[in-house]
Amino acid sequence: MSKNTSDQTNFIQKIIDNDNASGKWDTRVHTRFPPEPNGYLHIGHAKSICLNFGLAEKNNGKCNLRFDDTNPVKEEEEFVQSIIEDVKWLGFDWEDRLFYASDYFNQMYEYAVQLIRDGRAFVCDQTADEIKDCRGTLTESGQESPYRNRSVDENLDLFQRMKDGEFNNGVKTLRARIDMSHSNLNMRDPVIYRILHAPHHRTGDTWCIYPMYDWAHGLEDSIERITHSICTLEFEDHRPLYDWYLDQLGVYHPQQIEFARLNLNFTVVSKRKLKQLVDENHVDGWDDPRMPTLSGLRRRGYTPESIRNFAEDVGITKRDSVIDVVRLENSLREELNKKAPRVLGVLNPLKVVITNYSDEKTEMLEAVNNPEDPQAGTRELPFSKELYIEQADFMEDPPKKYFRLGPGREVRLRYAYFVTCTHVIKDESGNVIEIHCTYDPETRGGNSPDGRKVKGTLHWVSVPHAIEAEVRLYDRLFLKEYPENGDSFVDALNPDSCKIHTNAKLEPCLANPENITYQFERMGYFKKDEKYSTNEKNVFIRSVSLRDSWARLMKQGANQQGV
RNA sequence: UGGGGCGUAGUAUAAUGGCAGUACACCUGGUUUUGGUCCAGGCAGUUGGGGUUCGAAUCCCUGCGCCCCAGCCA
């Protein structure tokens with residue numbers, strides 16, 4: 001799916017190509033990723049990160065990491081650290097260009113003074129409600145503030161006193177003098193500075209006035225000599241203001257370009273909603289393996305490579321769209337299929353006794369570590385008289401096309417022997433608790449010398465050699481394809497998004513697992529989770545299932561029966 | 001309905017006046033010691049109506065549909 005990614009193009013790259021051809025930026029490409037440190041990064045941010053850093057990489061340019069920390073009441077140092085970690089983890093390097101909007105507060109203040117001197121800004125005493133009431137509507141123009149025509153000197157004096165902390169929160173703002181009847185609401189004398197007596201995570205109590213996004217962002221871009229300032233579609237309406245500020249100031253003026261943010265079905269990607277999931281304990285923290293946060297995906301077993309491939313694969317346009325979450329899963333599968341070592345692990349054990357096998361004997365069988373990668377070599381698996389197989393791999397009365405074990409049926413145990421079910425043992429309530437089989441000694445390794453075929457191959461673990469583990473099967477967090485449609489996205493939560501198997505049995509090589517994702521053959525890709533694991537027991541979580549055409553067949557059958 | 005955007009198979013994404021292509025999904029079949037992987041084949045599309053042109057997804061006109069904007073958030 002991700003082939004040809006290196007030469008994939010998009011409309012922004014075309015703009016860059018044109019700029020390079022015309023010499024607009026002296027063939028310079030300088031982008032930035034400008035998160036506000038008010039939450040954790042998620043898969044949507046990954047698209048933007050890959051875009052900005054990717055464009056810089058492809059065009060021999062640079063990309064800054066810049067924290068847009070202009071609102072002290074929402075921002076925290078904790079988020080700064082997690083964002084740094086996440087961007088680094090994705091594999092991008094901003095070298096020495098880690099910046100903060102707050103580093104430019106002095107300069108922004110000076111620029112505001114310049115705007116006042118030029119008569120393009122004024123200190124306004126209207127309350128927030130009054131400003132709102134005067135803004136007008138989508139179809140009616142607004143009314144000018146009574147403070148709009150204050151003298152430059154008075155504005156200068158008032159602005160200075162705002163800065164000096166003479167006024168309480170909200171009693172004054174600095175506003176641009178543009179046009180209260182502008183058809184673009186953003187141009188109706190927007191607020192430039194507001195008073196916020198709140199400590200800032202970096203500047204402490206140095207400031208009590210803070211710049212608004214529109215004022216700050218363009219200046220940040222300008223100061224850093226950004227060429228292409230890439231943001232999401234909802235800022236398209238802000239571009240005239242971005243341009244107006246920089247034009248009025250007569251400073252270096254980057255080009256703002258908007259693209260469509262990432263949407264995924266069966267997922268919510270919005271800081272506010274993700275926060276709600278955490279706060280209401282629907283999930284186990286921001287890094288819960290079901291969360292679309294980068295920390296959640298990382299913990300789930302997603303690799304930076306798979307996320308970067310995904311981001312490249314979905315492309316960049318200006319169209320609102322919803323990407324099938326299956327594509328994210330596929331990008332992980334694609335990588336893990338090539339790299340993950342194969343092991344055998346039974347999630348729901350069912351005991352099997354090989355009646356014609358010696359009580360004391362243990363033999364070591366050779367198993368391939370990764371059929372996709374011969375370099376990965378082989379390992380030895382212990383085999384003995386008593387084994388575990390998956391409960392789902394035995395049916396007393398199997399339907400047609402069921403290739404697994406049933407009374408009188410013969411199957412192959414992976415890398416071991418052909419076995420035939422001879423006897424079924426049940427408890428008082430009729431549940432199958434053990435099955436007896438015979439094995440064919442001639443089929444050691446999994447092939448029969450007489451050329452006899454079996455349809456099914458089962459994974460298994462030797463009882464005396466089994467490693468105990470807990471395995472968590474995660475499924476999508478939401479049942480509805482578009483969880484945000486309808487009353488509450490919380491109602492769309494999948495009650496079975498985490499199934500815990502406390503009695504899993506794993507082959508011995510998993511006693512001390514590496515910090516990598518394994519493929520449990522026929523079951524999916526699993527990774528040991530450091531948070532849930534204890535000294536007594538390892539906990540594995542499923543990163544993603546294998547494609548399962550049998551499950552699909554069963555589901556279709558169920559649907560056809562109207563179940 | 002003021003302004004700003006966007007309309008190409010089920011979902012995404014190419015083609016910028018010259019054969020509508022690719023991926024995922026779906027369906028067939030083949031290979032297979034993972035019902036995995038891999039391979040082959042198939043289904044399926046330009047928002048409607050006009051116009052310009054030898055030729056239109058592309059240019060023009062005109063409808064229709066969807067998204068965004070009335071924070072002292074970003």
Side-chain angles (χ1 to χ4, degrees), chain A residues 1-4 8-10 14 34-36 38 68 70-71 73-75 124 126-129 131-133 135-142 169-175 181-188 190-196 209-210 212-214 216-217 231-240 258 260 265 271 313-324 326-327 330-331 333-334 337-338 342 344 367-368 371-372 401-404 412-416 418 443 445-447 453-459 519-524 545-554:
Chain A
M1 64 190 282
S2 61
K3 41 185 176 282
N4 300 328
Q8 257 205 27
T9 188
N10 58 57
K14 280 173 193 162
E36 182 188 17
N38 69 344
D68 207 357
T70 57
N71 186 348
V73 304
K74 291 193 173 183
E75 295 149 10
C124 183
Q126 284 188 311
T127 64
D129 282 344
I131 290 180
K132 188 180 175 185
D133 291 342
R135 189 158 8 239
T137 68
L138 295 179
T139 50
E140 302 159 40
S141 53
N169 286 358
V171 310
K172 283 183 166 47
T173 56
L174 182 73
R175 298 175 67 182
S181 58
H182 200 110
S183 53
N184 180 338
L185 269 34
N186 294 126
M187 301 296 274
R188 322 245 258 227
V191 172
I192 301 175
Y193 272 93
R194 77 285 216 187
I195 298 171
L196 245 31
I209 57 171
Y210 291 91
M212 296 289 292
Y213 167 85
D214 291 296
H217 204 90
C231 60
T232 43
L233 251 27
E234 67 271 26
F235 291 102
E236 213 146 19
D237 282 342
H238 294 244
R239 177 153 34 93
E258 309 84 13
N265 59 4
K271 269 185 203 170
D313 186 47
V314 299
I316 302 294
T317 65
K318 298 191 68 147
R319 282 176 233 161
D320 287 312
S321 62
V322 181
I323 305 293
D324 193 337
V326 165
R327 290 173 65 175
N330 281 348
S331 113
R333 289 191 181 106
E334 183 182 38
N337 176 52
K338 283 181 266 177
R342 271 59 168 174
L344 302 187
V368 173
E372 304 299 313
K401 292 187 188 169
Y402 184 84
F403 300 156
R404 286 112 97 147
R412 171 168 41 235
L413 296 178
R414 181 84 157 147
Y415 298 126
F418 285 11
T443 58
N447 282 307
K453 300 287 184 198
V454 289
K455 293 283 261 184
T457 300
L458 310 188
H459 60 282
Q519 185 192 106
F520 290 9
E521 292 205 32
R522 304 209 303 136
M523 303 307 289
S545 67
L546 254 22
R547 278 203 191 80
D548 189 346
S549 52
W550 169 245
R552 206 190 312 147
L553 240 186
M554 294 304 285

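Going from the P atom of B/G45 to that of B/C6 covers 26 Å, rounded to whole Å. Rounded to whole Å, the separation between the P atoms of B/C27 and B/G48 comes to 29 Å. Between B/U34 and B/A20, the distance separating the two P atoms is 43 Å to the nearest Å. The separation of B/G41 from B/G49, taken at their C1' atoms, amounts to 39 Å, rounded to a whole angstrom. Rounded to whole Å, the C1' atom of B/A9 lies 12 Å from the corresponding atom of B/G21. Taking atom P in both B/U37 and B/A74, the straight-line distance is 47 Å, to the nearest Å. Only the P atoms considered, B/A23 is 10 Å distant from B/A40, to the nearest whole Å. Look at the C1' atom in both B/G36 and B/G17: the space between them is 47 Å, to the nearest Å.
Out of B/G35, B/G3, B/U13, the shortest distance to the side chain of A/Thr317 is found at B/U13. Here the nucleotide nearest the side chain of A/Glu236, chosen from B/A12, B/G5, B/A14, is B/G5. The side chain of A/Arg319 approaches B/U8 more closely than any other nucleotide in the set B/U8, B/C24, B/C69. Closest to the side chain of A/Arg342, out of B/U13, B/U34, B/G71, is B/U34.
Considering only side-chain N and O atoms, A/Asn330 lies under 4.0 angstrom from the phosphate OP1 or OP2 of B/A25. Considering only side-chain N and O atoms, A/Lys338 lies nowhere under 4.0 angstrom from the phosphate OP1 or OP2 of B/G36. Considering only side-chain N and O atoms, A/Thr457 lies nowhere under 4.0 angstrom from the phosphate OP1 or OP2 of B/U34. For the pair A/Arg194 and B/A74, the criterion of a side-chain N or O lying under 4.0 Å from OP1 or OP2 is met. Within the 4.0 Å cut-off from OP1 or OP2 of B/U34, not a single side-chain nitrogen or oxygen of A/Arg547 is found. An OP1 or OP2 oxygen of B/A12 is reached within less than 4.0 angstrom by no side-chain nitrogen or oxygen of A/Arg327. Between B/G2 and A/Arg188, no contact under 4.0 Å exists linking OP1 or OP2 to a side-chain N or O.
Contact annotation for A/Glu75: no contact, since no heavy-atom pair falls under 4.0 Å across all strands. Residue contacts for A/Met212: at a heavy-atom cut-off of 4.0 Å it reaches the sugar-phosphate backbone alone, with no base atom in range. Here A/Tyr402 lies in heavy-atom contact (under 4.0 Å) with a base. A/Thr70 comes within 4.0 angstrom of the backbone, heavy atoms only, and of no base. At the heavy-atom level, A/Tyr415 lies under 4.0 Å from base atoms of the strands shown. Contacts of A/Asn447 with the nucleic acid, taken as non-hydrogen atoms under 4.0 Å apart, include base atoms. When heavy atoms are screened at a 4.0 angstrom cut-off, A/His217 is found touching no nucleic acid atom at all. Residue A/Ser321 is in sugar-phosphate contact alone, with no base atom involved, counting any heavy-atom pair closer than 4.0 Å across all strands shown.
Applying the Watson-Crick and G-U wobble criteria (two distances, each under 3.5 Å), B/U52 pairs with nothing in any strand. Across every strand in view, B/G2 sits in a pair with B/C69 that passes the Watson-Crick or G-U test at under 3.5 angstrom. Nucleotide B/C24 forms a Watson-Crick or G-U wobble pair with B/G10, both donor-acceptor distances falling under 3.5 Å. B/G17 makes up no base pair with any nucleotide shown, lacking Watson-Crick or G-U wobble contacts both under 3.5 Å.
The backbone N or O of A/Thr457 sits less than 3.5 Å from a side-chain atom of A/Arg522, completing a donor-acceptor pair. No side-chain donor-acceptor contact under 3.5 Å links A/Arg342 to the backbone of A/Glu521. Within the 3.5 Å criterion, the main-chain N or O of A/Ser545 finds a donor-acceptor partner in the side chain of A/Arg333. No donor-acceptor pair under 3.5 Å is formed between the side chain of A/Arg194 and the backbone N or O of A/Gly170. At distances below 3.5 Å, not a single donor-acceptor pair connects side-chain atoms of A/Asp237 with backbone N or O atoms of A/Asn184. Checked by atom type and distance alone, the side chain of A/Thr173 never pairs as donor or acceptor with a backbone atom of A/Val191 at under 3.5 Å.
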Is there a side-chain contact (heavy atoms from CB on, under 4.5 Å) between A/Glu75 and A/Asp68? Walk through the geometry before answering. CA-CA 9 Å; A/Glu75 295 149 10; A/Asp68 207 357; over 6 Å; no
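Look at A/Trp550 and the base of B/G35; the rings stack, centres closer than 5.5 Å and planes less than 30° apart.
In this entry the base of B/G71 is syn relative to its sugar, with a glycosidic angle within 90° of 0.
Sequence order on RNA chain B of the closest nucleotides to A/Val322 and A/Thr139 puts A/Thr139 first from the 5' end. Positionally, the nearest nucleotide of RNA chain B for A/Gly136 lies more toward the 5' end than for the other of A/Phe235 and A/Gly136.
Between the side chain of A/Arg404 and the base of B/G35, a donor-acceptor pair under 3.5 Å is found.
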